[in-house]
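Take a look at the structure below.
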Amino acid sequence: MTSCKKSGARVFHCPRCNRGVAFDAEERAQLGLNGLLPPAVNSVQEQVERYRSMLSRFERPLDKALMLDSLHYTDQDLYFRLLIDHTDEYMPIVYTPTVGEFCQNFSRVFRYPRGLFVSIEDAGHVGELIDHCPQETVDVIVVTDGERILGLGDQGLNGMGIPIGKLSLYTACAGIHPNRTLPVVIDVGTNNEEYLADPLYLGLRRRRETGPAYDALIDEFITEARRRWPKVLIQFEDFGNRNAFRLLERYRNQVLCFNDDIQGTAAVTLAGVYSAMRVLQADLLEQKFLFFGAGEAATGIANLIADAMVEAGMPREEALKHCVLFDSKGLVTKNRENLAAHKLPFAHDLPEADDFLTAVRLVKPTGIIGVAAQAKAFSSEVLAEMASLNERPIIFALSNPTSKAECTAEEAYRGTNGRALFASGSPFAPVQFGGRTFVPRQGNNSYVFPALGLGAVFAGATCMPNTMFLAAARRLSELVSEEDLAQGSLYPPLADIRRVSAVIGAAVAECAYANGLATNPRPDDLEAAVAASMYEPRG
Ligand code: NAD
């Protein structure tokens, strides 16, 4: 029975309690719904199948996304049942790659207000907006300023599609209760000319605010959100480079927060590296990584790999030398001038190289990690060079969407004669090569960010130190079976995401307890308690 206090047709307009034709005879009688529904009572599974059949009629992913968005707004439980039971199928619709298109069309397809819209014109009054939110408790906020949405650049207010999509995954993957999540867009204007000229654009029609007024608005938002919900986790999402690193440094030790583009990506990639170590039966300390790209993903991953090496006993200065960056101007070296602060720890004493193949020859890495969104950067020459340097080269082509991948899975296996330890940012189908079937898997952030949230919220953590991200990476790699490794998979199947999230969530919570960062009591059986705390829609 629904806990809703509404009755009659009003229940159909409440996404939290609507069950449509799944209301049984008793509920229909009690809520005054007799005559307002067709007589048949469907099971949730039948409702799920009806939606799947309707979704299958749409060819375009964006149309499927819009239909799912409508379902989210009309029957929250059914939406999450569908997502949980068919994660593989619908995650690419609710999140990348379709969420990019959803953002680009956000103002043109806007129907249902969801979340919080804070604009620079609200400065000084953000607390009032936060008090308008209907949620009594919020566990997780995902906030963006829309400046760098995926690889699509400045999307302004339209970037709101990302926090909405990401919070759907917090719920579907890790059981964060949907009524306790809040997507937020901070609208400080946009420099996107197309949107500024679009009469249907819903954001502020002005150029981006930067400087002290921007900082003050972010600060006011964080202060007010924590005033109303003191334990809330704030996840920064898709901020531009200039703000992403700065905001993280400013708040990471004071506030329960993290940046998924930097830290979540790092944890999921390190997990893939740990899995590769299991295949190689090698030590992380023997590895050297060359990154194609030097932005949020690259430096996040490089920092966490260095942390993992330090944890394994290597001095930090030495560990940093095991990670080398290559950006749009070539190899990042000590001689380079005006390097951004996030690149400086990785500016090593190396000769210059302005093409990636030369850099590979100079650095002689055991692994290359592509995170520059430059398609085909891992050419056949680069792959052949990696294969001549290493018996089993680590090749991670993480750039999204698929069209931006540094190489396909097939190219990686063919280019290294089937020896690559491969992971990707976008999904690739299994590859037949040399009489074997390789099953590449995505280094998908969804393996970790929902679980990081679950663990932090469960423990009532006060902040998220790097040890939590290391713990998440280690635990994720441990969940990869020997059979997975034997077929070339460095990650577990995405279909196992609920179990994976519960286990990683417990590891993250354990880290909070062990480091004196938890404010909630620790149950005896942590893993069982974390799993039991997860929201489960009717089904
Ligand atoms: P970013 O904008 O912060 O960084 C991009 C970097 O690429 C910059 O350092 C830039 O100098 C470099 N670059 C641009 N052109 C280049 C060129 N021609 N040669 C060499 N370097 C060049 O972006 P980000 O957040 O680091 O994301 C980068 C890519 O990684 C995106 O495609 C994103 O989708 C992908 N990504 C994947 C995952 C994942 O698979 N789990 C997670 C995060 C990001």
Side-chain angles (χ1 to χ4, degrees), residues 91-92 95-97 99-100 144 147-154 162 166 169 236-246 248 259-273 290-304 324-332 336 338-344 346-347 353-360 368-379 382 395-407 409 422-428 440-450 469 472-473 476 490-491 494:
M91 193 187 274
Y95 206 62
T96 54
V99 72
T144 187
E147 186 170 12
R148 197 231 46 176
I149 296 296
L150 307 171
L152 302 170
D154 188 345
I162 295 286
K166 214 132 195 182
L169 299 190
F236 297 112
E237 182 70 28
D238 281 359
F239 282 76
N241 273 195
R242 66 189 160 147
N243 292 319
F245 292 107
R246 228 166 38 84
L248 184 60
N259 179 311
D260 187 51
D261 308 308
I262 301 173
Q263 297 166 289
T265 302
V268 82
T269 308
L270 177 61
V273 169
L290 176 60
F291 291 80
F292 185 73
E296 295 179 33
T299 54
I301 301 165
N303 272 308
L304 199 66
V324 181
L325 309 179
F326 184 97
D327 67 9
S328 54
K329 299 199 174 87
L331 209 53
V332 172
R336 289 266 301 269
N338 300 323
L339 277 176
H342 58 277
K343 300 180 191 176
L344 286 176
F346 304 100
D354 56 13
D355 75 279
F356 194 60
L357 180 58
T358 307
V360 171
I368 50 176
I369 299 180
V371 270
Q374 301 296 314
K376 301 293 171 204
F378 294 172
S379 61
V382 165
I395 311 284
F396 286 3
L398 297 184
S399 286
N400 284 313
T402 317
S403 60
K404 302 273 187 192
E406 288 74 15
C407 64
F422 179 79
S424 55
S426 301
F428 285 109
R441 294 232 169 98
Q442 254 180 297
N444 192 320
N445 286 31
S446 308
Y447 284 116
V448 293
F449 74 78
F469 297 87
L476 175 55
L490 301 180
Y491 295 95
L494 215 44

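We count ligands from 1, going down the list as the structure has it; atoms in each ligand are counted the same way.
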- Query: Do you know which two heavy atoms are closest between T265 and D261, and how far apart they sit?
  - Reply: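 It is OG1-O, 2.9 Å.
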- Here the pair of heavy atoms bringing V382 nearest to A377 is CG2-O, 4.0 Å
- Item | Spacing of CZ belonging to F396 relative to SG belonging to C407, to within rounding of 0.5 Å | 11.5 Å
- Item | D238 and K166 ion-paired at < 4.0 Å |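 Answer for the salt bridge query: no.
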- Protein residues having a heavy atom less than 4.0 Å from any atom of ligand 1: R148, N241, T265, F292, G293, A294, G295, E296, A297, F326, D327, S328, V371, A372, A373, Q374, L398, S399, N400, G425, G443, N445
- Which of these, I301, V324, T299, sits in a side chain to side chain contact (heavy atoms under 4.5 Å, CB included) with F291? I301
- Query: Given H342 and I262, is the side chain to side chain contact (heavy atoms under 4.5 Å, CB included) satisfied, shown in steps?
  - Reply: CA-CA 11 Å; H342 58 277; I262 301 173; over 6 Å; no
